[in-house]
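Sharing a structure with you now.
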Amino acid sequence: MPIKGRFMNGTIVPIIAGNWKMNGLIEQLAEISNLDNMLEQMQHKAGHIIICPPATLLNMAKKCAKYGQISFGGQNCHWEERGAHTGDISAEMLADCGALYVILGHSERRMEHGETDEIVQKKVGAAFRAKLTPIICVGESEKERKANMAVEKVLSQIKNSLPSEAKNNKIIIAYEPIWAIGTGLVPTLDEIKEMHQKIREQLVNLFGEHGMQYPILYGGSMKPDNAKNILSIKNVNGGLVGGASLKTSEFIKIIKALDEI
Ligand code: 13P
C-alpha cells in the first residue's frame with residue numbers, strides 16, 4: 001500500500017480505529033457499508049481503517065464491508081481459549097468472526113471490571129495465541145495528571161501490561177488520558193507529544209528496535225476539528241476514536257485528516 005505524506009519514509013502505517021463501545025444495533029451496520037463505499041470511492045490509501053463494533057455485530061459488520069476497506073476488531077477478550085466463563089468471549093471466537101484486532105485494557109474495562117495490568121497482560125497473550133493484534137490502552141486519570149504522575153503511570157502500565165512475547169508479535173499502543181475520554185477535553189499538543197515520545201522510548205527500552213515499529217495511537221475526544229493537529233505530532237501514528245466513530249459522516253473527516261498531513 002503506498003503511504004503518503006510524512007509517513008512515506010517511516011515504516012509505520014497510520015491507523016484510524018473506531019471503538020464503538022456498547023453502541024450499535026443491527027441497523028447501524030449501514031454506517032459500515034457507507035464507510036466502506038466511501039473509502040472505496042476515495043481510493044483511500046493514507047492509512048489503515050479499523051472498526052471495533054460490539055461483538056454482536058462483528059460477523060455481520062465484516063460481511064457489510066464488501067470492498068474490504070475496513071478491518072475489524074473486538075473490544076475485549078478472555079485470556080482462556082474456551083471453558084466455563086459465562087458471558088465471556090475468547091480471542092479465538094473474535095478471530096472466528098473475522099476480527100484481526102482486539103482492544104485490551106481500555107480504561108472503561110480497567111475501571112468498571114477491575115482489570116489490572118496483570119490481567120491485561122494475560123489477555124494480550126491470548127490475542128497473540130489467536131493471531132489477533134492487540135490494541136493496548138493506557139492512560140492516566142485527571143488526578144494523576146494534576147499530580148505530575150501521568151508519564152510515570154503510563155510507562156508503568158506499558159511495562160506491566162505487555163508480555164515479553166510482544167517482541168515477536170505485532171502490537172498497537174493507544175494512549176488515552178482517562179479525563180479526555182468522552183469529555184471534549186484534550187491534552188495540549190505539547191502534552192501529547194511528550195507522552196508519545198516517552199512511550200516510544202519505553203517501547204525501545206523494553207523491546208529494542210522492535211519498539212520503533214509499534215504504532216502509538218492517541219485517543220480521547222478526537223474529532224474532525226482537532227484530528228489534523230493531533231495526527232501531525234511526531235510519534236502519533238493514528239487515532240482511537242470513540243464517539244466520533246459512530247457516524248460515518250464524522251469519522252470520514254478524521255480519516256481524511258490523514259491526507260492533509
Ligand atoms: P471518545 O473519542 O468518545 O472520547 O472515546 C475515546 C475512546 O475511549 C476510544 O477508545
Side-chain angles (χ1 to χ4, degrees), residues 14-24 28 31 35 47-55 57-58 61 70-77 94 99-113 115 120 123-124 127 132-142 144-145 150 153-154 157-158 161 171-189 191-192 195-196 199 214-231 233 236-258:
I15 294 167
I16 302 291
N19 174 9
W20 280 18
K21 308 191 180 186
M22 198 173 75
N23 296 292
Q28 267 83 48
E31 299 291 336
L35 179 64
H48 197 70
I49 311 304
I50 303 169
I51 299 269
C52 301
L57 296 183
L58 198 47
I70 309 168
S71 300
F72 292 93
Q75 299 177 10
N76 174 46
C77 69
L94 295 174
L100 297 176
Y101 299 86
V102 59
I103 296 173
L104 294 174
H106 193 283
S107 59
E108 286 149 17
R109 293 211 57 90
R110 289 178 186 263
M111 289 185 300
E112 293 176 20
H113 298 272
E115 286 192 9
V120 176
K123 293 183 172 195
V124 173
L132 298 179
T133 300
I135 302 174
I136 303 148
C137 301
V138 293
E140 81 284 0
S141 65
E142 187 181 13
E144 287 157 344
R145 167 68 58 183
K153 172 65 186 282
V154 166
Q157 282 181 319
I158 290 189
S161 302
I171 58 168
I172 298 170
I173 301 291
Y175 167 55
E176 300 204 306
I178 298 170
W179 51 274
I181 295 177
T183 58
L185 300 172
V186 181
T188 64
L189 298 180
E191 283 167 341
I192 298 176
M195 186 62 86
H196 280 242
I199 293 174
Y214 303 138
I216 308 171
L217 313 184
Y218 169 80
S221 297
M222 186 179 270
K223 306 282 178 208
D225 61 357
N226 61 23
K228 184 180 166 194
N229 284 342
I230 296 175
L231 294 169
I233 299 171
V236 173
N237 309 115
L240 181 56
V241 184
S245 71
L246 295 172
K247 286 265 164 267
T248 294
S249 52
E250 290 285 286
F251 195 48
I252 197 81
K253 290 182 193 156
I254 296 178
I255 294 171
K256 282 183 177 167
L258 281 181

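Order of listing sets the numbers, starting from 1, for every ligand and every atom in it. Side-chain atoms are counted along with the backbone in the values below, which use heavy atoms only and exclude waters and symmetry mates.
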Arg145/Glu142 ion pair, N-O < 4.0 Å: no

Ligand-residue contact atoms, ligand 1 with Lys21, heavy atoms, under 4.0 Å: 5 (O), 6 (C), 7 (C), 8 (O)

Sub-4.0 Å heavy-atom approach of Gly220 to ligand 1: yes

Separation of Leu94 CG from Leu132 CG (nearest 0.5 Å): 6.0 Å

Shortest non-hydrogen contact from Gly182 toward Ser221: N-OG, 3.9 Å

Whether Asn76 side chain and Lys123 backbone form a donor-acceptor pair below 3.5 Å: no

Glu108 N/O to ligand 1 N/O under 3.5 Å: no

Atom indices of ligand 1, in the order listed, that fall short of 4.0 Å to a heavy atom of Leu240: 9 (C), 10 (O)

N/O separation below 3.5 Å, Glu176 to ligand 1: yes

Nearest non-hydrogen protein atom, atom 2 (O) of ligand 1: Gly242 N, 2.9 Å

Min heavy-atom dist Gly219 to ligand 1 below 4.0 Å: no

Ligand 1 N/O within reach of Lys223 N/O, cut-off under 3.5 Å: no

Gly243 N/O under 3.5 Å from ligand 1 N/O: yes

Ligand 1 versus Asn19: contacting region, heavy-atom distance under 4.0 Å: side chain

Reported CD1-to-CD distance for the pair Ile51 and Glu31, which is rounded to 0.5 angstrom: 9.0 Å

Gln75 and His106 side chains, donor-acceptor separation under 3.5 Å: no

Lys228, NZ: over 12 other non-hydrogen atoms inside 6.0 angstrom: no

